[in-house]
Amino acid sequence: MSASVRTVAEALAVQEQLRPLVDLVGPGPDAPATVAGLDVAYAEEGDRLAAAVTVLDTRTLAVVDSAVVVGRPAFGYVPGLFAFRELPALLDALGGLRTLPELLVCDGHGLAHPRRFGLACHLGVVTGLPAIGVGKTPLVGDWASPGRERGAWSPLSDGGEVVGRVLRTRDGVKPVFVSVGHRVSLANATAQVLALTPRFRLPETTRTADRLCRDALAAGTSRS
DNA sequence: GCGACAG
DNA sequence: ATCTTGTCGC
């Protein structure tokens, strides 16, 4: 059985150990048939959470499979160590799927992380699946505002390297922060996010997973 | 030393 | 993350 990470020192050690395993070559699925979205919702008290994963048919963007589990945060909220909080529950949820998705779209960052190992990298390495991160707010890096049109983007740079892209998914709407997680190129990650945002700022994967875990938290149950 | 800091 | 109120745009 794998011992859970309990201290900051342990978490940092795990990141250092797993970071070299990230596949930066990609390029990832060209036209994936299925894409999964993952998200977590917290109870007001903060002692309970629900983790959900939804699998969408990329052609119709319909949910074809899903799983949700209720549990406890596995770690305190520490920027840079965020994955240790949600990963156990997310892995539980992934285990409840009947379909193996071709790409994971994570709610958070991948390489756009202080040590280049955000949630999307961690989830990708642990599952072996291609993964990307889509964050709503920045964690690290500097960038210029992208053009106002959907599809416009600008490089997200940190420490002299490009760690992601600031991508406008809808005309005139606040951009999102896209970064590579595992086995996907940055260009492909950008294309996948645009394919998942025909109508709203956030990917349909994130939206469906968000709704599922919120509902599960309200119901206080776990099902798939 | 002081702020910033994914969800 | 979550809560709440308010405002703008379609």
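Contacts of A/Leu81 with the nucleic acid, taken as non-hydrogen atoms under 4.0 Å apart, include base atoms. At the heavy-atom level, A/Gly118 lies under 4.0 Å from base atoms of the strands shown. Within the nucleic acid shown, A/Gly80 comes within 4.0 Å of at least one base atom, counting heavy atoms only. Heavy atoms of A/Ala41 sit under 4.0 angstrom from primed sugar atoms or phosphate atoms, though from no base atom. Among the atoms of the strands shown, only primed sugar atoms or phosphate atoms (P, OP1, OP2) are found under 4.0 Å from some heavy atom of A/Pro138. Using a 4.0 Å heavy-atom cutoff across all strands shown, A/Tyr42 reaches sugar-phosphate atoms only and no base atom.
Between the CZ atom of A/Arg199 and the C1' atom of C/dC10 there is a distance of 10 Å, given to the nearest Å. Whole-Å rounding puts the A/Leu123 CG to B/dA6 C1' distance at 14 Å. A straight line from CZ of A/Phe200 to P of C/dG9 spans 19 Å, rounded to a whole angstrom. The distance between atom CG of A/Leu156 and atom C1' of B/dA6, rounded to the nearest whole Å, is 12 Å. Distance CD (A/Glu86) to P (B/dA6): 12 Å, rounded to an integer number of Å. If you measure from atom CZ of A/Phe177 to atom P of B/dC5, you get 10 Å, rounded to the nearest angstrom. Taking atom CG of A/Leu119 as the reference point, atom C1' of B/dC5 lies 16 Å away to the nearest angstrom. Rounded to an integer number of Å, the gap from A/Asp171 CG to C/dG9 C1' is 14 Å.
Using a cutoff of 4.0 Å between basic side-chain nitrogens and carboxylate oxygens, A/Arg211 and A/Asp39 are not scored as salt-bridged.
At least one side-chain nitrogen or oxygen of A/Lys136 sits closer than 4.0 Å to the OP1 or OP2 atom of B/dG7. Between A/Thr137 and B/dG7 there is a side-chain N or O to OP1 or OP2 distance below 4.0 Å.
Of the candidates B/dA6, C/dA1, B/dG7, C/dA1 carries the atom nearest the A/Arg214 side chain, counting heavy atoms from C-beta on. Side-chain proximity of A/Asp107 to B/dA6, B/dG7, C/dA1: nearest is B/dG7.
Residue-nucleotide stacking is present for A/Tyr77 and B/dG7, judged by a side-chain ring centre under 5.5 Å from the six-membered base ring centre and planes under 30° apart.
Listed for the A/Arg19 side chain is no donor-acceptor partner under 3.5 Å among the backbone atoms of A/Arg116. In this structure a side-chain-to-backbone donor-acceptor pair under 3.5 Å is present from A/Ser179 to A/Gly110. The main-chain N or O of A/Val173 is never found under 3.5 Å from a side-chain atom of A/Arg148 such that the two would form a donor-acceptor pair. A side-chain donor-acceptor contact under 3.5 Å links A/Arg72 to the backbone of A/Asp47.
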